[in-house]
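Here is the naming used below: chain letters follow the sequence lines, and residue numbers restart at 1 for every chain.
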There are 2 protein chains.
Amino acid sequence: MLRRLRYRAGMHSGRLVGRGGATLASLARELGVSRTTVSNAYNRPDQLSPALRERVMKAAERLGYAGPDPVARSLRTRKAGAIGLLLTEQVSYAFRDPAAVAFLEGLTLECDRAGIGLLLVPASPDSDDVRSVTRAAVDGFVAYSMPEDDPFLAAMLARPVPTVISDQPATDAADLVGIDDRAAMRNMADHLISLGHKRIGVICMRLGRDQHNGVVDERRQEGAGYHVQRNRLAGLRDGFEAAGVAWDRIPVVERFDHSIAAGASAAGQVLELDPGITALVATSDVLAMGAIGELRRRHKRVPQDISVTGFDGVKAALDAGVTTVSQPVTAKGREAGRLLLDPAVRHRARQVMLPTTFVAGTSTAPHHG
Amino acid sequence: MLRRLRYRAGMHSGRLVGRGGATLASLARELGVSRTTVSNAYNRPDQLSPALRERVMKAAERLGYAGPDPVARSLRTRKAGAIGLLLTEQVSYAFRDPAAVAFLEGLTLECDRAGIGLLLVPASPDSDDVRSVTRAAVDGFVAYSMPEDDPFLAAMLARPVPTVISDQPATDAADLVGIDDRAAMRNMADHLISLGHKRIGVICMRLGRDQHNGVVDERRQEGAGYHVQRNRLAGLRDGFEAAGVAWDRIPVVERFDHSIAAGASAAGQVLELDPGITALVATSDVLAMGAIGELRRRHKRVPQDISVTGFDGVKAALDAGVTTVSQPVTAKGREAGRLLLDPAVRHRARQVMLPTTFVAGTSTAPHHG
DNA sequence: GTGATTCTGGAAAGCGCTTTCCAAGCCGCT
DNA sequence: AGCGGCTTGGAAAGCGCTTTCCAGAATCAC
């Protein structure tokens with residue numbers, strides 16, 4: 001293995017110096033100066049005369065030396081120059097989820113500003129091999145919407161670097177940025193109740209790491225590893241129970257996948273469980289949009305026959321007039337970045353709660369029963 | 001600064017051992033075994049008895065040791081476990097561009113599979129400080145759609161690690177994945193000509209690092225640093241000149257920003273330059289969609305009065321029925337990942353050209369002049 | 001019981017770099 | 001001419017880890 005590596009390195013650099021690449025030391029030897037001097041040429045140009053610096057740079061170019069090795073530099077300075085990001089799913093999946101992309105946009109905004117790299121850490125959900133986390137060379141971590149019992153999350157929290165989590169339950173080991181999912185959803189429940197809806201159905205995103213698709217009992221609701229979903233369901237329950245609606249009569253259907261198709265199929269299942277519902281609550285806009293499509297396919301009018309609500313405030317849903325809760329996803333990413341990278345912020349707050357906005361759309365209407 | 005770092009580390013680990021964290025060596029000392037043994041406990045469990053390994057792990061937990069330091073490990077093994085990605089723009093901008101997101105999806109798919117991290121390297125376009133590139137601890141690089149004369153690109157190519165570029169001109173220093181932009185656009189030109197269009201306008205994305213908005217002369221077209229745009233224009237020219245249309249009479253308008261709004265304003269400008277055009281060619285779908293909006297706002301019917309074409313095949317454009325060239329952006333990302341990470345592929349090809357598909361939509365129609 | 005074989009764990013040699021002193025050399029000033 | 005202060009560049013001490021030997025202990029076959 002080592003041998004192969006060397007061979008490759010040799011192949012790539014063309015010029016063989018030592019192991020296949022010039023080092024700061026070999027450059028120094030070549031020039032008859034000390035390593036210090038070469039290092040200074042790169043890192044502290046004011047520490048040597050311009051002439052000498054120029055000589056060093058010339059020699060570097062001649063020998064194909066592209067500057068101090070980043071890893072060795074990091075070891076010495078104890079700075080990696082990057083932060084790691086851990087996501088719910090395989091990284092590639094995140095790029096299909098508009099909310100995750102918006103979060104990334106916000107986070108990278110801060111990384112750009114600080115000149116810090118963002119390392120997307122691969123975390124395969126069907127493996128417990130957390131080495132990708134323990135071996136990530138980073139100065140800090142951000143975790144976005146990970147389930148509580150995730151082994152990658154645990155490995156991350158064990159690392160002795162600052163950490164920020166978002167859309168997850170608070171923990172002493174990390175700073176937090178989030179929204180009040182429960183209150184926002186309670187608000188949504190009140191909206192539906194004020195419209196006269198008492199017989200509703202619910203569709204939600206995955207509640208745990210296990211792949212479950214179908215009806216959710218109360219035990220699963222309360223034990224859900226996904227904090228966000230658990231809180232949204234709880235907020236809904238708060239509202240409906242306060243209005244005297246028995247929660248255990250309300251069908252709640254879970255889907256592991258988060259997609260239009262999953263929303264459609266979940267809506268179908270809810271309708272089979274209780275064809276008499278007058279409103280359907282989805283815990284995300286994507287699911288809501290899927291549900292609306294399915295209802296129309298079944299010749300139910302939205303909102304005249306059935307009201308539908310979403311959550312998140314993604315552009316497509318707002319454009320489609322879905323009644324939803326708009327949350328500042330990009331801002332969440334930014335705040336996470338700030339909490340990690342901006343010393344001023346870092347000293348002030350360890351917890352940032354962002355506001356949400358209720359958006360009354362055209363997918364809900366009064367029920368006259 | 002160093003002092004502060006130490007202080008912080010101390011704060012976080014709670015328990016001060018040496019510099020604020022246990023090391024493999026301190027653990028070994030504590031246990032009265034050698035460093036080798038502790039290292040083996042983590043990296044080669046088969047090299048020691050389960051009992052001893054257990055003892056090591058217990059002690060590690062007790063001392064808050066989260067495993068071997070990733071940076072030191074990387075230095076020793078000469079592997080960073082990550083590849084770097086360099087993008088046209090600030091990283092945050094990429095997340096607003098559907099094509100870049102699709103590319104990222106494909107690339108991360110391969111990274112996930114290989115268990116390799118993806119480091120998003122910050123490259124501020126208005127700075128020439130390439131240290132973010134020279135200091136990135138990575139085993140390889142991918143560059144996506146960078147202009148030829150970009151200093152970050154140059155710094156990347158100077159590094160002695162394997163590199164793959166996409167949507168850029170070929171270079172000896174890197175492997176390549178791309179499409180034949182010129183041929184695809186030539187195809188589009190032929191389509192318009194077969195419909196009878198001879199008087200057209202063109203809007204294109206940025207052609208260079210300098211912020212230019214407005215009419216593009218031939219010199220700028222041919223000297224464009226953005227290879228992709230240059231080739232698309234060249235393909236268009238090929239087609240129209242072959243049909244006997246003088247290229248220098250065709251207005252070409254450039255926009256630095258890539259957005260719906262930019263497409264709209266560029267379309268407006270073209271119309272002012274030549275109100276008699278019967279077709280408008282955009283070099284991207286985003287610009288095309290902006291243009292269509294603007295034309296409708298000006299009470300031009302598309303396609304009856306003016307035909308419009310795009311390029312890329314992004315979902316929104318396909319849904320809207322834009323005549324375009326669909327290119328496999330996600331596949332480009334995957335191929336870039338494979339070229340870098342899959343030794344088998346790596347040995348076979350150094351250059352991958354992917355096919356494009358012409359998509360006849362409803363935004364083009366025959367011109368009866 | 002003896003020699004051969006396998007296991008287990010240790011010693012040592014760096015990986016390539018930064019940075020803190022420190023020692024000359026040099027200049028201008030009196 | 002002599003002194004103080006400034007500039008320039010070098011020596012050395014690690015940063016924390018992996019891995020290749022290698023030696024001693026334990027096991028086994030006969």
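A salt bridge is absent between A:Arg44 and A:Asp46; no separation between the charged side-chain nitrogens and carboxylate oxygens falls under 4.0 Å. In summary, A:Arg334 and A:Glu105 do not engage in a salt bridge, as defined by a charged side-chain N under 4.0 Å from a carboxylate O. At a threshold of 4.0 Å, the pair B:Arg113-B:Glu110 counts as salt-bridged, since one of the basic side-chain nitrogens sits closer than that to a carboxylate oxygen.
Contact between the side-chain N/O atoms of A:Tyr65 and the OP1/OP2 oxygens of C:dC17 is found at a separation under 4.0 Å. In this model, the phosphate group of C:dT18 is approached by a side-chain N or O of A:Asn43 to a distance below 4.0 Å at OP1 or OP2. Note on B:Arg78: a side-chain N or O is less than 4.0 Å away from OP1 or OP2 of C:dG16. Between B:Arg35 and D:dC17 there is no side-chain N or O to OP1 or OP2 distance below 4.0 Å. For D:dG16, neither phosphate oxygen OP1 nor OP2 lies less than 4.0 angstrom from any side-chain nitrogen or oxygen of B:Thr23.
Within the 4.0 angstrom heavy-atom criterion, only backbone atoms of the sugar-phosphate kind lie near A:Leu48; the bases stay farther away. Nucleic acid contact for A:Ser74: none, since no nucleic acid atom lies under 4.0 Å from a heavy atom of the residue. Using a 4.0 Å heavy-atom distance criterion, B:Val71 is classed as making no nucleic acid contact.
To the nearest angstrom, C1' of C:dC17 lies 13 Å from CZ of A:Arg44. The CZ atom of B:Arg159 sits 14 Å away from the P atom of C:dG16 (whole-angstrom rounding). For the pair B:Arg53 CZ and C:dT8 C1', the computed distance is 16 Å after rounding to whole Å. One can place CG of A:Leu27 at 16 Å from C1' of D:dG9, the figure rounded to the nearest angstrom. Summarising the geometry, the separation between CD on B:Gln47 and P on D:dT18 is reported as 14 Å, rounded to the nearest angstrom. Rounded to an integer number of Å, the gap from CZ of A:Arg55 to C1' of D:dG9 is 12 Å. Computed from coordinates, the A:Leu24 CG to C:dC15 C1' distance equals 13 Å when rounded to whole Å. Atom-to-atom, CZ of A:Arg135 to P of D:dC17 comes out at 13 Å; the value is rounded to the nearest Å.
Of the candidate nucleotides D:dG16, D:dC17, C:dT19, D:dG16 has the atom nearest to the side chain of A:Leu75. Listed nucleotides: C:dT19, C:dC17, D:dA11. Nearest to the side chain of A:Ser34: D:dA11. Of the candidate nucleotides D:dG9, C:dT20, C:dT8, D:dG9 has the atom nearest to the side chain of A:Leu52.
Below the 3.5 angstrom threshold, one finds a donor paired with an acceptor across the side chain of A:Thr36 and the base of C:dT19. Residue B:Ser39 places no side-chain atom within donor-acceptor reach of the base of D:dT19, judged by atom type and a 3.5 Å distance cut-off alone.
Taking the nucleotide of DNA chain D with the nearest heavy atom to each of A:Arg76 and B:Ala25, the more 5' of the two is matched to A:Arg76. The residue among B:Thr37 and A:Pro68 whose nearest nucleotide of DNA chain C is located toward the 5' end is B:Thr37.
Remark: B:Arg209 CZ is packed, more than 12 non-hydrogen atoms of other residues, nucleotides or ligands lying under 6.0 Å away.
At least one side-chain heavy atom of A:Leu107 sits less than 4.5 Å from a side-chain heavy atom of A:Val142.
In this structure, the side chain of B:Arg53 engages the main chain of B:Ala41 through a donor-acceptor pair within 3.5 Å.
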